[in-house]
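First the proteins, then the strands, lettered A, B, ... as listed; each starts at 1. Below, each value reflects all heavy atoms present in this structure, side chains not excepted, and no hydrogens, waters or symmetry copies.
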Amino acid sequence: MKFDQIMVRYGEMALKGKNRHSFENKLHSNLSKKLRNFPAVKIKKTRDRMYVLLNGENPYAVMEKCQEVFGIQSLSFAVRIEQSEDSIKAAALYAMKEAEGARTFKISTKRTDKQFPIRSQDMNQILGGHILSNTEGITVDVHNPDVEIKVEVRQDAAYVTSQNYPGAGGLPVGTTGKTLLLLSGGIDSPVAGYLAMKRGVEVEAVHFHSPPYTSERAKQKVLDLAQEMTRYGIKLKVHIIPFTKIQQKIHREMPDGYSMTIMRRMMLRISEAVAKEQVILSFTTGESLGQVASQTMESMSAINDVTNYPIIRPLVAMDKLEIIDISRKIGTYDISIRPYEDCCTVFVPKAPKTKPSKEKALEYEQSTDFSEDIKEALEQKEVISFSQKKSSEAKFEDLF
Amino acid sequence: MIYLDNSATTKPHPEVLEAYHKVAEHYFGNPSSIHHFGGESERLLTHSKKQAANILNVLPEEIVFTSGGTEGNNMAIKGIAFAHQNRGKHIITSQVEHPSVLEACHALESLGFDITYLPVSKEGIVNVDDLRNSITPETILVSIMSVNNELGTIQPISEIGTIVKKHPKIFFHVDHVQGLGKIALDFKAAGVDLCTVSGHKIHGVKGTGALFIRKGTTLFPLQHGGGQEGTFRSGTENLAGIVAFTKALRLIKEAQDENQVRLLKLNKMLREHLREIPQVIINSPAGTVPHILNFSVPGYKPEVIIHSLGEKEIYISTKSACSSKRSDESAVLAACQLGEARATSALRVSLSYGTTEEDIEIFINVLRRIVNELHEVMG
């Protein structure tokens, strides 16, 4: 016997009333894209669940992928068998043996097909007895079992499901609009992007690249992060903005103490232009209150002043250690800590103002004309799209 | 030529050589150089590691590319011994290990370490109870091979792993050089902390291989320098070799199941034919890996048979190539207590996925003739 399907339970999208249908469709499409590398897999939608039919694919490998899809509350392996006492017994025993580490269990039978001769309560006892006499060291616990084995006897067949695996939670990516993530290459911004995705947001990213002050490897790091984030976001487009000229100009012509504030304001202005072009309605940043000079209340206010787009700051109230934990969990940490300079660390002022004023920033900016430089940067923007199926290392494929 | 010495080394797969050539030609930049060209090499290195890790079901950071089996075994054994000697200086291994394990252990003995060399059964198998009883509070490492290179015996790695795991202080190293691509071994599931594999035994190129080092394991490196390979192994990476190794790994793993069926059939055939030659005694017990078959022709010097076969371009070996320059008996067969006559006259046939039934037939016919001639001449 082998699990032949995975039962997918929705999260809060079940509450979404009239929108529910479109949420389900999005989840279905995200899930099938996620499972593209398992060609035999089929996904079946029913009224309140989805079933991933394995058709011979490795159940554990598929489960692992499903657990990275937002909008899923929990998942269980299931096996479909014919409606007979013997096959249900065999399936229940199999499900118990597959439940790793479980010492206690409970059987819950639901008999949708009332023609089936054994009543639910009796079935529970038969199956419990069968498991107890065929295993060692496993006991029944109806109140707090390690695993609840659910049996559903329907007209067409019987289904046996085993322990629950947690899903990624949240909402299906693509159901709540698009955001433009300011992706630096550090630890925070990928985590911010991940959390935005978790709330169903589709993420595009903008990255500021200042060669030769920042190296090609710093850019590659950002691209690797983007690739990693497609595990959750399905796809991700990165807009690379050549930022060298603007940075040089700021460094040359703006007062040292304000250079960081003004650089960030420029970034936001450029991001706004990108957002307009891509019809994106918000920004997401990895800012966390008080973490560095640019992330004081005054600084955020002075930087935010250049745009009236909402800025989503999922990390604003998180500690660095909490952020690092998530970053490890989602696999971006090891990429983020690669030691390459990014555009924010190259031209660090000796003493950045921690309490800049927006009026002063604007005054300084008006002394120099940046509009041509911004226009040029936008014209020379490079766009790279990532999806799960495409590896960024495609050029190496024939070597392996 | 009929090449039946595949446990000594294998013929590189043409696709492996092609990959080696391409990388050596086009990606000769040093992965540590910060320019674009070095960056390309670094990306290729990272990608190789990801691929290899994927195939071996481990994390990329748990792979250290090495120059092969001897280096991997030395790196694991000495590395653990030097890094953890403050916790204890006792190491457990077996009498039938490869010289790169045994000699590394001997060297450690001269530095004050205490080594237990576990005996084996007649079949060459380590007794897990012996192993359990040998563990002391001073023990820091258990090193056991997965497949014996002379007899083909498979050791109970998972069982040993379970025992070792009960002692959080002890590391478990497996020399998997002869087992890779031949028997299934999930390093993590079997409780293995360090595992040596080699490229040239799986139709890769010489000077390539890898050591799996479970995340969180600290080793004292054998080579200090630029801090490559996560500081476990300094020295400019052999990128062409690394890519070639990764390719060989993929090819052997992909074909593993199908090829095992073929090898089992060839092994059965070989055994049946050898039994028909009265002077021959088969040493490899039942249940060994199918690609290795050890037998003795007591009374006759194995070198004579090797050379007679060599005249017909048929190549097999005595003992392991790494120790066959010593003229004494096979240490492995001696450890199995098969008697001096058998231990001094042992021959090893090792098959590869390219071996055919015809190869076996020819080999047997020639061997039969040689043995008969020897019998007539020497009595």
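- Between the CZ atom of B:Arg43 and the CG atom of A:Asp224 there is a distance of 7.5 Å, given to the nearest 0.5 Å.
- Only the side chain of A:Asp334 has a heavy atom closer than 4.5 Å to any heavy atom of chain B.
- The aromatic rings of A:Phe396 and B:His47 sit tilted, their planes meeting at an angle between 30° and 60°.
- Of the residues considered (B:Glu61, B:Lys22, B:His36), B:His36 shows the highest number of contacts with chain A, using heavy-atom pairs under 4.5 Å.
- For a residue to count as touching a neighbouring chain, one of its non-hydrogen atoms must lie under 4.5 Å from one of that chain's; by this rule B:Tyr27 touches chain A with the side chain only.
- Taking chain A as the reference chain and counting heavy-atom pairs below 4.5 Å, the highest number among B:Gln51, B:Glu42, B:Arg250 is found for B:Glu42.
- With a 6.0 Å radius and a threshold of 12 heavy atoms from other residues, nucleotides or ligands, B:Lys165 has its NZ atom above the threshold.
- Taking all atoms of both residues into account, the shortest heavy-atom contact from A:Leu399 to B:Lys247 is O-CD, 3.3 Å.
- Within the 4.5 angstrom heavy-atom criterion, no atom of B:Glu15 approaches chain A.
- Few gaps surround CD1 on A:Ile337; more than 12 heavy atoms of other groups in view lie less than 6.0 Å from it.
- The neighbour count for A:Glu64 CD, taken as heavy atoms of other residues, nucleotides or ligands under 6.0 Å away, does not exceed 12.
- No more than 12 heavy-atom neighbours from other residues, nucleotides or ligands sit within 6.0 angstrom of NZ on A:Lys235.
- Residue B:His167 places its NE2 atom among more than 12 non-hydrogen atoms of other residues, nucleotides or ligands, all under 6.0 Å distant.
- There is no contact between B:Thr46 and chain A, counting heavy-atom distances below 4.5 Å.
- Checking each of B:Val243, B:Leu249, B:Leu251, B:Ile55 against A:Phe400 for a side chain to side chain contact (heavy atoms under 4.5 Å, CB included) leaves exactly one that passes, namely B:Val243.
- Heavy-atom neighbours of B:Phe37 CZ from other residues, nucleotides or ligands within 6.0 Å: above the threshold of 12.
- In B:Asp257, the CG atom is not crowded: 12 or fewer heavy atoms of neighbouring residues, nucleotides or ligands sit closer than 6.0 Å.
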